[in-house]
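Here is the structure we will look at, set down as structure tokens.
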Amino acid sequence: VLYVKLCGNVKYYQSHHYSTVVPPDEITVNYRHGLPLVTLTLPSRKERCQFVVKPMLSTVGSFLQDLQNEDKGIKTAAIFTADGNKISASTLMDILLMNDFKLVINKIAYDVQCPMREKPTNEHTAETEHMKSLVHRLFTILHLEESQKKREHHLLEKIDHLKEQLQPLEQVKAGIAAHSEAKISGLLWAGLALLSIQGGALAWLTWWVYSWDIMEPVTYFITFANSMVFFAYFVVTRQDYTYSAVKSRQFLQFFHKKSKQQHFDVEQYNKLKEDLAKAKESLKQVRHSLYLQMQVEELSEKN
């Protein structure tokens, strides 16, 4: 908080700069160079002290803290509205100085009257907003590289922390995935064996036991039954029956079943993986921005 304190002997300033004597306990608010100047008597030293506050930067809490820092004899300080409502410490001084208020120092209340301020014209308001925009752009340019480097350092620490959390989970996941893959491989070989036995049985019944005239309706109904099984799979899963889709679905079933047995939190693992991917993407963008900035600086030096 930026502020200026001008303290001195009250009698000296009154005799040289004021035509009327200011009461020693009165708190006055004046404007100098467009900034509010609060003048009050410090309770310990009994001398007048002036505080120049920045309305858009200072808050009620910071102003009261400045009073207590200046005079250690101020044990308690608070600000109330004219009708007795306490004003929060986060209120800006610019809002406070719009109306009269009460300043309570060490349980002694002082009525403070704020002078009326002239309303800024539209031209002055536009100029002020333009100046604020320029200041913001200048601040961004001066601190962009520093903030990006801090963000890069923060992202690197976050990535390392996520990798440390994922390392034990990755080991457990690898074991579960290997077990599920082994079961899927066994299931596929079992399916191939079953189809081979079915084909051999049909061939044996066709050429050695019965004739094709008898076995033809049997093979037709077997084919129709397989079609019904495929359609039922689509109705249940809403997916086309393909060998890769069936393999992936069965792998997930084995994986989740084994995860529950080993108390492996799949949701936590997925969340950590997503956070790691987002952190890496953010780091890539920050480094790309720093790389472009370095190129601009090199071109500027060459020019």
Side-chain angles (χ1 to χ4, degrees), residues 1-10 13-14 17-18 22-120 124-144 146-147 150-151 153-154:
V1 178
L2 302 176
Y3 65 95
V4 179
K5 302 186 293 294
L6 302 174
C7 302
N9 193 325
V10 60
Y13 287 106
Q14 289 175 353
H17 299 283
Y18 297 97
V22 178
D25 293 336
E26 183 180 359
I27 299 178
T28 60
V29 179
N30 299 313
Y31 283 85
R32 179 181 297 175
H33 305 296
L35 296 176
L37 178 66
V38 181
T39 306
L40 53 88
T41 302
L42 299 177
S44 297
R45 302 197 298 263
K46 300 298 181 183
E47 62 182 7
R48 302 285 286 177
C49 187
Q50 297 177 342
F51 293 84
V52 178
V53 298
K54 301 295 184 180
M56 298 302 296
L57 299 178
S58 302
T59 61
V60 171
S62 62
F63 175 70
L64 296 177
Q65 187 63 42
D66 294 339
L67 296 180
Q68 293 178 333
N69 293 337
E70 181 63 28
D71 189 352
K72 301 303 181 181
I74 300 178
K75 302 301 180 182
T76 60
I79 295 179
F80 296 83
T81 60
D83 53 1
N85 296 323
K86 187 175 181 180
I87 298 177
S88 64
S90 60
T91 303
L92 291 174
M93 291 295 294
D94 187 48
I95 299 176
L96 174 68
L97 296 175
M98 291 181 178
N99 301 303
D100 298 341
F101 60 91
K102 291 182 179 180
L103 176 60
V104 179
I105 300 177
N106 294 340
K107 298 182 180 180
I108 301 176
Y110 300 91
D111 292 328
V112 182
Q113 296 182 354
C114 299
M116 297 295 296
R117 288 180 292 177
E118 295 181 358
K119 295 183 178 180
H124 179 71
T125 303
E127 183 179 356
T128 303
E129 292 297 329
H130 180 65
M131 289 297 296
K132 289 181 179 179
S133 176
L134 289 177
V135 171
H136 176 71
R137 291 170 60 187
L138 179 62
F139 178 84
T140 302
I141 293 173
L142 293 177
H143 295 80
L144 179 60
E146 180 181 358
S147 63
K150 289 182 178 179
R151 178 166 175 78
H153 180 69
H154 173 71

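Numbers for residues simply follow the sequence, beginning at 1.
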Between V38 and Q50, is there a side-chain heavy-atom distance shorter than 4.5 Å? no
For F101 and C114, work out which heavy atoms get closest and say how close. CE2-SG, 3.5 Å
Please identify each residue that fulfils side chain to side chain donor-acceptor pair (under 3.5 Å) with Q65, with sequence neighbours left out. N69
Interatomic spacing from OG1 in T91 to CG in L96 - rounded to 0.5 Å: 7.5 Å
Inspect the surroundings of CD in Q68 and state if more than 12 heavy atoms from other residues, nucleotides or ligands are less than 6.0 Å away. yes
Side chain to side chain donor-acceptor pair (under 3.5 Å) involving T76 - partner list, sequence neighbours excluded: none
CG (D83) and OG1 (T81) are apart, to the nearest 0.5 Å, by 3.5 Å
Could you measure the distance from the CG atom of L40 to the CZ atom of R48? Nearest 0.5 Å is fine. 7.0 Å
Can you find a pair of side-chain heavy atoms, one from V60 and one from S88, that are under 4.5 Å apart? no
Nearest 0.5 Å, please: how far is CD1 in I27 from CG in L103? 4.0 Å
Is D71 reaching over with its side chain to a backbone N or O of S44, donor-acceptor style, under 3.5 angstrom? yes
Just verifying a value: how many Å separate L67 CG and I79 CD1, rounded to the nearest 0.5 Å? 7.5 Å
Has the side chain of N30 got a donor or acceptor atom that lies under 3.5 Å from a matching backbone atom of L37? no
Let me confirm one number: the NZ-CG distance from K72 to L42, rounded to the nearest 0.5 Å. 12.0 Å
Contacts of type side chain to side chain donor-acceptor pair (under 3.5 Å), residue H153, not counting sequence neighbours: E157
Specify the closest pair of heavy atoms between P43 and N106, including all atoms of both residues, with the distance to one decimal. CG-ND2, 4.2 Å
Identify the heavy atoms of A82 and K102 that sit nearest to each other, and give their distance. O-CE, 3.8 Å
Measure the shortest side-chain to side-chain distance between M93 and P36 over non-hydrogen atoms and say whether it is less than 4.5 angstrom. no
Quick one, V104 and K86 - any side-chain contact, counting heavy atoms below 4.5 Å? no
